[in-house]
Amino acid sequence: MSYSTIAEDTRPLHHPKTWVGKYVWSQDHKVIALQYTITAVSVGLVALVLSGLMRLQLGFPGMIQFITPEAYYQFVTMHGMIMVIYLLTALLLGGFGNYMIPLMIGARDMVFPYVNMLSFWVYLLSVIVLMASFFVPGGPTGAGWTLYPPQAITAGTPGATWGIILMLASLAIFIVAFTMGGLNYVTTVLQARTRGMTLMRMPCTVWGIFVATILGLLAFPALLVAAVMMMLDRLIGTSFFMPSIISMGEPLAHSGGSPILFQHLFWFFGHPEVYIVALPAFGIVSDLISTHARKNIFGYRMMVWAIIIIGGLSFVVWAHHMYVSGMNPYFGFFFATSTLIIAVPTAIKVYNWILTLWRGDIHLRVPMLFAIGFIFTFIHGGLTGLFLGNVSVDVPLSDTYFVVGHFHMVMGVSPILVVFGAIYHWYPKITGRMWNKMLGQLHFWITFIGVYLIYLPMHYLGLLGVPRRYYEMGDTDFVPASAQWANEAITVAALTVGVAQLIFFYNLIHSYFKGPKADPNPWGATSLEWQTPQTPPVHGNWGPTLPTVYRWAYDYSVPGAAQDFIPQNVPPEDMAQDHETRGPAVVEE
Amino acid sequence: MRFAIVIVLLVIGSLIFHFVSPWRQTPIASNWGEIDNALTITFWVCGIVFVALNLFLAYCVYKFRHRKGLKATYEPENMALEKQLTVWTAVGIVVMLAPGLLAWNKYITVPDDASIVEAVGQQWQWSFRFPGDDGVLGAVATENISADNPFGINPDDPWGIDDILVDGGELHLPIDQPVKIVLRSNDVLHNFYVPQFRAKMDLVPGTITYIWLIPTRTGTFEILCAEYCGVGHYVMRGYVVVDEVDEYESWLSDYPTYGQTIADAAIEIGAP
Ligand code: HEM
Ligand SMILES: [Cu+2]
Ligand SMILES: [Cu+2]
């Protein structure tokens, strides 16, 4: 087969000769992954601070002078967009995708290392353009992360002069970056797997990232065209999304456009986007659970097919975000049905995660705490999704705090818990050092309990009827005074959770310099990334020869084996022997 | 051990919170009890699943926690079990979806005897238009909007002359009579939302949307805008007052028709 000659050839790797070549203009997928991660986490911190400010306004209205309604809406918009796109999408695909795909499939690097490098730099440019909008006249756009026209480009919305232009430009640049990265991930998975690594032997992590990337490649173009069309409406007076309207008492020159067309384009991207974030998290969490429960992921084939089916169905449910948008009301029947159908494969994933724990040997190490925390929050967020998907039940809840509670549970909190778990899980491989267990546990408990205290009450405010994107409730008859207590308590919880993240960063940074040296395979994991000759893996990953794969990634607790795990590259005849790595030694519960 | 207890406590806490929290749906004031019923069914089905899954999760975390000598079972898959779970999930889905779709069918099907009123949104206020004696709203266009003609009624359309114009953000409706509320925006998206009615729908510039309902309780209810429409979104309020029929009629008779407003404007211009 052709891969053996190409893949074994280490010359095209361009070993860097200078510091700049190694850490700045690097073409090593691992360095690019870290560049992506650090950039994404940095903007993520901006979004976190913005959420703290919003919560201060909601919990203690008027306490902070500079949070005017304009500022509040700018914060909401930037917070939402950064969290979804520039943090989670970039981190899960650009960060984890880059680091894990080549290592897990036994490749030396991505197939197009140069394009991979460009992908990061273009992503960084999109972040800079986005951040620049804080400094332009009028500030960043306050159109809501959904950017619905006509409001997004008319005078009643903050940032309608410059902010929106920079937002649209930044999104377009991001999509270019994503496309370069995405084509790489897909091609690498399809072309660069090592000997024996069949598709059905890939770890769930790779499956999740792979399918999410395909979704991204198909969904982002819809956002791109929407952004370009809105840019034209804004700059040269076309009317793609603009009917004839009055703004600030003056008629505008547009006519004939359709605001609902934008919503279809946005959500044709926006719903798959939920899964672009969720599927990598699903994949990663499957591997965390399996490894730390010392048991194969339950129903691997079902899990893979569920990822694929969810990915496919995610393209035919988008209008569940538009039940009360004024689209043709008959669409409601179709989209409610398709949406509830997607709940079936999703539920199967949840069952299988729990069934993996069942009759396992559960080591409650920090990554596993986060993984189980994820199961809890995802069950919650998934179930509230059934309310919102079920068209008529959505009517009273749509655009209320129920929605805010739901999507934070399902696509905010849940993937973030997985990201934390994954960072704790792979940190020893990436840095060669081990983090502090006590601090890790403290971080988990504050975050896990804290987020539930933040979001559970929000659902009930929504049930009461409090709309989202409200700067303040003011005096509203149906809202009892006690609702303000809820808001205060939520704010206190949110600030606590926000500040508690310092524990995480302290732990990572401190351990990087002072942490004990980590075992190359501290958890006794089977997948290939733990079997590299060096820890951390060096450029080229595998030394002179690529590993050969003999088995799936889930040979845990196999009867008759010497240890409770058999790495993927152990041939059948060596099954009964000990493997080089020492198994769980460093952190034990 | 600790984790299993926390999960159980979170489940119990959520249940207690659900039943004692003072934040729940406002007492209903319209015919949309079906929506509430579908919501209640969804709460029950989802609530049971929430409790069952999490208790099983807690059980597993407790029962199979690592101890010396414990070894995990090697069981790659169990198709029979997975099939069963799939079927039961599908049943749960159907139980929720069916009432949901039936309610939706009713929600979008306006009865023939519904009267018509138009709600107009413009950053950041509400105004209303009744069709007058002919029961038909006159044609409108954004181009016609001016200080004298804030509703943009086409002056040449005979159906529009008797339309009754209500600005000031308060709408009265007669109790127990079906009404179709036609929604129109002059600028950006808005959403007509009265929590006690349960119904809600966006106002979309360039098209007309609608909801319909039967008010079932007299009283004053707030209209909130539920689609982000710029900085004034959170202050875009109005009121619906549900009246007995005769009070409603006397209220409506205080408002001018479009024909009267043009006549008044003409007099003003003509006066010295
Ligand atoms: C401690 C963490 C977080 C807190 C306290 C928080 C808080 C908030 C608040 C207060 C709002 C505005 C609600 C409104 O006025 O309607 C909001 C909106 C939003 N958040 Fe978060 N959030 C957090 C984390 C996240 C994460 C991790 C995500 C990632 C998906 C996320 C995504 C969003 C989105 C998409 C919106 C909607 C923005 C819009 O309405 O345009 N948030 N969040
Ligand atoms: Cu969706
Ligand atoms: Cu509004």
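Within every chain, numbering begins at 1; the chains are lettered A, B, ... in the order of the sequence lines, protein sequences first and strands thereafter. Both backbone and side-chain heavy atoms feed into the values below; hydrogens, waters and symmetry mates do not.
- Contact annotation: the side chain of A:L261 approaches that of A:F241 to within less than 4.5 Å [non-hydrogen atoms, C-beta and beyond].
- Heavy-atom distances place the side chain of A:P259, and not its backbone, under 4.5 Å from chain B.
- Interface remark: B:L57 contributes backbone and side-chain atoms alike to the contact with chain A (heavy atom separation under 4.5 Å).
- When heavy atoms are compared at a cutoff of 4.5 Å, A:P243 approaches chain B solely by way of its side chain, counted from C-beta outward.
- Top candidate by heavy-atom pairs under 4.5 Å with chain A, chosen from B:T142, B:T209, B:I208, B:T220, is B:T142.
- Contact count against chain A (heavy-atom pairs under 4.5 Å) is highest for B:C225 among B:P22, B:A90, B:C225, B:S185.
- The most heavy-atom pairs under 4.5 Å with chain B, out of A:T400, A:T154, A:I372, A:L456, come from A:I372.
- When heavy atoms are compared at a cutoff of 4.5 Å, B:W32 does not approach chain A at all.
- Considering only heavy-atom pairs separated by less than 4.5 Å from chain A, the leading option among B:F64, B:Y210, B:Y74 is B:F64.
- Both the backbone and the side chain of B:F50 come within less than 4.5 Å of a heavy atom of chain A.
- With chain A as the partner, the residue from B:S14, B:A199, B:C229 showing the most heavy-atom pairs under 4.5 Å is B:S14.
- Only the side chain of A:W552 comes within contact range of chain B, with at least one heavy atom under 4.5 Å from a heavy atom of that chain.
- Both the backbone and the side chain of A:F376 come within contact range of chain B, judged by heavy atoms closer than 4.5 Å.
- Contact check on B:R198 versus B:D36 returns a salt bridge, with a Lys/Arg side-chain nitrogen under 4.0 Å from an Asp/Glu carboxylate oxygen.
- For chain B, no part of A:Y401 is nearby; none of its heavy atoms comes within less than 4.5 Å.
- In terms of heavy-atom pairs under 4.5 Å with chain A, the best-connected choice from B:Q123, B:R24, B:M79, B:R65 is B:R24.
- Looking only at atom types and distance, the side chain of A:H363 has a donor-acceptor partner in the side chain of B:H66 under 3.5 Å away.
- Counting heavy-atom pairs closer than 4.5 Å to chain B, the top residue among A:A143, A:P467, A:S244 is A:S244.
- Comparing B:P205, B:G206, B:A103 by heavy-atom pairs within less than 4.5 Å of chain A, the highest count is held by B:P205.
- Only the backbone of A:R468 comes within contact range of chain B, judged by heavy atoms closer than 4.5 Å.
- Ring centroid separation for the pair A:Y471 and B:H233 does not come in under the 6.0 Å cut-off.
- Side-chain atoms of B:W126 do not come within 3.5 Å of backbone N or O of B:D167 as any donor-acceptor pair.
- With a 4.5 Å cut-off on side-chain heavy atoms, B:F3 and A:F448 count as touching.
- B:V194 is not listed as a side-chain neighbour of B:L224, based on a closest heavy-atom distance of 4.5 Å or more.
- B:T26 and B:Q196 share no donor-acceptor pair across their side chains, judged by distance under 3.5 Å alone.
- Distance check: A:N352 CG to B:L85 CG gives 8.0 Å after rounding to the nearest 0.5 Å.
- Contacts between A:A160 and chain B at a heavy-atom distance below 4.5 Å are absent for every atom of the residue.
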Please output the side-chain donor-acceptor pairs of residues 475-483 of chain A that fall under 3.5 Å, not counting sequence neighbours, one pair per line with the distance.
from, atom 1, to, atom 2, distance (Å)
A:T476, OG1, A:M473, O, 2.9
A:T476, OG1, B:R237, NH1, 2.9
A:S482, OG, B:W23, NE1, 2.9

May I have the step-by-step check of ring-ring contact (aromatic ring centres under 6.0 Å, His included) for A:Y554 and A:Y300, ending in yes or no? CA-CA 9 Å; A:Y554 299 100; A:Y300 171 77; 5.5 Å; yes
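- Most heavy-atom pairs under 4.5 Å with chain B, from the set A:G156, A:G142, A:P149, A:G144: that is A:G156.
- Heavy atoms of B:E75 lying under 4.5 Å from chain A belong to its backbone as well as its side chain.
- With a 4.5 Å cut-off on non-hydrogen atoms, A:I449 touches chain B through its side chain but not through its backbone.
- A:Q74 does not touch chain B: none of its heavy atoms, backbone or side chain, sits under 4.5 Å away.
- Ranked by heavy-atom pairs under 4.5 Å with chain B, the first of A:D399, A:T157, A:V395 is A:V395.
- Contact count versus chain B (heavy atoms, under 4.5 Å) is highest, among A:T337, A:I354, A:L357, for A:I354.
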Report the C-alpha separation of B:Y62 and B:I5 in whole Å, then their side-chain angles, then the decisive distance to 0.1 Å, and conclude whether the side-chain contact (heavy atoms from CB on, under 4.5 Å) test is met. CA-CA 8 Å; B:Y62 166 71; B:I5 294 175; over 6 Å; no
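- The contact between B:N78 and chain A is made by backbone and side chain atoms together, counting heavy-atom distances below 4.5 Å.
- For the pair A:L58/A:Y72, a side-chain contact is recorded, criterion being any heavy-atom separation below 4.5 Å from C-beta on.
- Both the backbone and the side chain of B:L70 have a heavy atom closer than 4.5 Å to some heavy atom of chain A.
- Side-chain contact check for B:L102 versus B:E34: every heavy-atom pair is 4.5 Å or farther apart.
- For the pair B:L183/B:V204, no side-chain contact is recorded, criterion being any heavy-atom separation below 4.5 Å from C-beta on.
- For a residue to count as touching a neighbouring chain, one of its non-hydrogen atoms must lie under 4.5 Å from one of that chain's; by this rule B:L203 does not touch chain A.
- Contact of B:F43 with chain A is made through backbone and side chain together, with heavy-atom distances under 4.5 Å.
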Tabulate below the donor-acceptor pairs under 3.5 Å that side-chain atoms of residues 381-393 of chain A make, not counting sequence neighbours, or state none.
from, atom 1, to, atom 2, distance (Å)
A:T384, OG1, A:H380, O, 3.3
A:T384, OG1, A:G381, O, 3.0
A:T384, OG1, A:H406, ND1, 3.0
A:N390, ND2, B:M96, O, 2.8
A:S392, OG, B:G100, O, 2.7

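- Side-chain atoms of A:Y323 come within 3.5 Å of backbone N or O of A:A336 as a donor-acceptor pair.
- In this structure, the side chains of B:Y193 and B:E227 stay at 4.5 Å or more apart for every pair of heavy atoms.
- Here A:S398 is the residue among A:S247, A:S398, A:G474 with the most heavy-atom pairs under 4.5 Å with chain B.
- At a 4.5 Å heavy-atom cutoff, the contact between A:N296 and chain B is made by side-chain atoms alone.
- Heavy atoms of B:T73 lying under 4.5 Å from chain A belong to its backbone as well as its side chain.
- With a threshold of 4.5 angstrom between heavy atoms, B:V6 approaches chain A through side-chain atoms but not through N, CA, C or O.
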